[in-house]
Amino acid sequence: MATVTELKAVVKDTLEKRGILGQIKGRIRAEVFNALDDQSQPRPQLSHENLLINELIREYLEFNKYRYTASVLCAESGQPDVPLDREFLANELNIVEDTNGRSIPLLYGILSTFLHGKKEEAAYPKFAKISAPQFPRPNHERKVMGNP
């Protein structure tokens, strides 16, 4: 019969492999932050630039299923609860997307422009057209390092 220590190790390993342990830890962090967050203190007003940057980050986080991290970002930064319209965001950043590019966060397309564009274009990017770069799929299932 397995000892309590062995049982704990098996349960922990199983939860890690399924990605559940990370979700639980993220949820606990988010709840602790919400409990400690002083709602009576007004948030500083977001600049237009910070609003856009936060929205790019939120879109990336939600695409990769980092929901608790996204909720903490929004609560801490004062980002509106309702995401900005993607078309509005792309327009504000002077990005013209093709139909393939709409399936991934804008941040991936921006990064692709810098990684695969010419050096002079990276210094002064013209986000004329962003297609879907070959980035990894969202992290719906996370694998623990060392485990296949």
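Treat the numbers as computed from the prediction; the structure is a model and nothing was measured.
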From CG (Leu84) to CD (Glu59), nearest 0.5 Å:
10.0 Å
Under 3.5 Å, is there a donor-acceptor pair between the side chain of Ser71 and the main chain of Tyr68?
yes
Please round to the nearest 0.5 Å and tell me the distance separating atom CD of Gln79 and atom CG of Asn54.
4.5 Å
Verify same cluster id: Leu107, Ile53 (apolar side-chain graph, 4.5 Å):
yes
Spatial distance of atom OH (Tyr60) from atom CG (Leu73) [nearest 0.5 Å]:
12.5 Å
Pairwise distance CZ(Arg58) to CG(Leu51) - rounded to 0.5 angstrom:
8.5 Å
Working note: Ile20 + Gln23, criterion side-chain contact (heavy atoms from CB on, under 4.5 Å); need CA distance, chi angles, decisive distance, verdict.
CA-CA 5 Å; Ile20 303 296; Gln23 289 176 355; 3.9 Å; yes
Would you compute the distance between atom CZ of Phe88 and atom CG of Asn91 and round it to the nearest 0.5 angstrom?
7.5 Å
Rounded to the nearest 0.5 angstrom, the CD-CD distance for Glu97 and Glu87 is 9.0 Å
May I ask you to check whether over 12 heavy atoms, not counting those of Asp85, lie within 6.0 Å of atom CG?
yes
Here the pair of heavy atoms bringing Leu106 nearest to Arg86 is CD2-NH2, 3.6 Å
Considering non-hydrogen atoms only, spot the tightest contact between Tyr108 and Asn64 and give its length.
OH-ND2, 3.2 Å
Verify, without hydrogens or angle tests, whether Asn50 (side chain) and Leu46 (backbone) share a donor-acceptor contact under 3.5 angstrom.
no
Report the C-alpha distance between Thr14 and Val10 in whole Å, list the side-chain angles of each, state the deciding distance to 0.1 Å, and finish with yes or no for side-chain contact (heavy atoms from CB on, under 4.5 Å).
CA-CA 6 Å; Thr14 302; Val10 169; 4.2 Å; yes
Check salt bridge (charged side-chain N to carboxylate O under 4.0 Å, His left out) between Glu62 and all other residues, then give those that pass, not counting sequence neighbours.
none
